[in-house]
Protein chains: 2
Amino acid sequence: MRMASGKGTTSQSGPSGPPSVGQALRSGAALERAVLAVDVACFSLQDGKLDLLLVRRSDDPFAGAWALPGAAVGLDEPLDDAARRALVDRTGIGDAYLEQLYTFGEPGRDPRGRTVSVAYFAILRVRPEDLRTGRGVDAATWRPARDLLPLAFDHGRIAHYALWRLVQKMEHTPLGFHLLPEQFTLGDLRTLHETILDRRFDPSNFNRQALARWDLAPVPGQRDRRTRRPARLYRYIGARDVPGTPPDVSPVRSSK
Amino acid sequence: MRMASGKGTTSQSGPSGPPSVGQALRSGAALERAVLAVDVACFSLQDGKLDLLLVRRSDDPFAGAWALPGAAVGLDEPLDDAARRALVDRTGIGDAYLEQLYTFGEPGRDPRGRTVSVAYFAILRVRPEDLRTGRGVDAATWRPARDLLPLAFDHGRIAHYALWRLVQKMEHTPLGFHLLPEQFTLGDLRTLHETILDRRFDPSNFNRQALARWDLAPVPGQRDRRTRRPARLYRYIGARDVPGTPPDVSPVRSSK
DNA sequence: CAAATAGTGTCTTTTAGACAATATCCC
DNA sequence: GGGATATTGTCTAAAAGACACTATTTG
């Protein structure tokens, strides 16, 4: 599990930009005018509904239309950084969990010319005060993730795929804990899963399985008082028997 | 758990600080010199071993080193097409199952300058005569997927991730059937899974589960004669209770 | 006490795994 | 027949699901 590649692979041999850049790979010159962008499908849970973060575009094309927050990737900027920057600059959201989703590159997906977008998938426990209207957009807001209006570009398709992926990962990985506060009840955890997977769970069976699958530490003394009978509070420690994340790839390091 | 994403991309807004964001989004000027490429990790099964398709580079950088077959993406070329073209041009392999894997874009992964590579994952039932040394490479060959020498660029990392993904998907999706001929025995199917997942299965239990999970049609009359007692032959029809592929995204349409 | 939600216990059904037993071929 | 692999059958253990029951609070 070494792999710090990237930098490591930088051999000494490189003059910083021979015109033969594409030559070896074949006609890279053809791409000089392509644009590389990132777009982020950011989910949160609010009032028991699954929400997706959208911005209203202020410029053409699609001025006035809703879209995923996105940005062009800087020449020396890692993709992960660009995704996080897009989120912060457009919406003020800064501490989401980020993960690369899929790369959309159909010619014609952007009327201005070839644009390849590396889509990211993000989730976070929302704090309303975090949301603001950032640079380059008219508005930023949360919208029901399962009932979206048409979006700019192919962002509807991206959002749809992101939602599908969220559901898949929720069943097998500890993803959901990013949507909960530090301390939560098993009822919170169950409601979360019911909302995202869109089905109900028997509380008894759900609790049994949750405690078997995740390492959850009961918080001594403390109880949750929102409900009739106060519920025990837990903290998430780890997971057992999880598929395991690929070496160095999938999850983007958490910022801050 | 948690996975520190390795070296942790310390660079952010490097020496050539990012220009105005909104500006970059509109003009795309910042990326005029970036190259977009595809690289393909193509697996096959040969003599009961899992193999990865490699090519030897004929040009710098990394001339003489082994690498994944790749190519620059044409300006009007869909990413999927580019991946298939890379495979065909470099190695002559034409009818693999292709699926987008992950996009690698660390600055510095290519000494010539910023190159973003959309990695693909491919598998096929190998026919030795399909392999040839294509354009721009010295050689093309199959190598043991679990025992690779160092590769050019960050291709070792890509290959490692591709193998991880192959294993994951093998347990939950009908991916494996792409590695088998039209007609196969349950023993073939079992050996395939044993090779890729690197563990043994009880023939009895494996058969029971295979017939429960997949729709397999017995081929009437025909039998496989390679073994002592001739085994029944099956064709793959479909799968039951499979996660399901996302709308329009994951699997690349099959060529030909 | 009634309502509401938390938490426990038990039974049944399904699935996974171990492994014995039989079948059919080649030599 | 003897060796080898295919195929079927059986038993057990583990997991999933349904559901009854108890516990603790508020009003």
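Below, chain A is the first sequence line, B the second, and so on; all start at residue 1. For the numbers below, each heavy atom of this structure counts, side chains included, while hydrogens, waters and symmetry mates do not.
For the segment residues 182-205 of chain B, residues with any heavy atom less than 4.0 angstrom from an atom of DNA chain D are, sorted by number, B:Arg190, B:Ser204. Across residues 206-218 of chain B, B:Arg208, B:Gln209 each have a non-hydrogen atom less than 4.0 Å from an atom of DNA chain C (numbered order).
Side chain of B:Asp47 to main chain of B:Lys49: no donor-acceptor pair is present (N/O by atom type, distance under 3.5 Å, no hydrogens or angles).
Remark: A:Ala152 pairs with A:Arg57, A:Phe62, A:Ala65, A:Ala67 by the side chain to side chain contact (heavy atoms under 4.5 Å, CB included) rule, at least two apart or across chains. Residues meeting the side chain to side chain donor-acceptor pair (under 3.5 Å) test with B:Ser44, sequence neighbours left out: none. With sequence neighbours left out, the side chain to side chain contact (heavy atoms under 4.5 Å, CB included) criterion links A:Ile158 to A:Leu68, A:Leu101, A:Phe104, A:Arg109, A:Ala119, A:Asp154, A:His155. Under the rule for a side chain to side chain contact (heavy atoms under 4.5 Å, CB included), the partners of B:Arg190 that lie at least two apart in sequence or sit in another chain are B:Glu194, B:Phe201, B:Pro203, B:Phe206. Contacts of A:Phe184 classified as ring pair (Phe, Tyr, Trp, His ring centres under 6.0 Å), with partners at least two apart in sequence or in another chain: A:Phe177. In this structure, B:Arg200 has no side chain to side chain donor-acceptor pair (under 3.5 Å) partners at least two apart in sequence or on a different chain. Residues satisfying the side chain to side chain contact (heavy atoms under 4.5 Å, CB included) criterion with B:Leu211, sequence neighbours excluded, are B:Leu186, B:Leu216, B:Tyr234.
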Mind listing the N/O atom pairs, protein and nucleotides 22-27 of chain D, below 3.5 Å?
unit_1	atom_1	unit_2	atom_2	d
D:dA23	N3	A:Arg229	NH1	2.8
D:dT24	O4'	A:Arg229	NE	3.4
D:dT26	O2	A:Arg228	NH1	2.8

Atom pairs and distances, donor-acceptor, side-chain atoms in residues 220-230 of chain A, under 3.5 Å, two or more places apart:
unit_1	atom_1	unit_2	atom_2	d
A:Arg223	NH1	A:Pro230	O	3.1
A:Asp224	OD1	A:Arg226	NE	2.7
A:Asp224	OD1	A:Arg226	NH2	3.2
A:Asp224	OD2	A:Arg226	N	3.4
A:Asp224	OD2	A:Arg226	NE	3.2
A:Arg226	NH2	A:Asp188	OD1	2.9
A:Arg226	NH2	A:Asp188	OD2	2.8

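Taking side-chain N and O atoms only, B:Arg226 has no distance below 4.0 Å to OP1 or OP2 of D:dA4.
A side-chain hydrogen bond (donor to acceptor under 3.5 Å, both in side chains) check over residues 211-221 of chain A, counting only residues at least two apart or in different chains, returns the pairs A:Asp215-A:Arg240.
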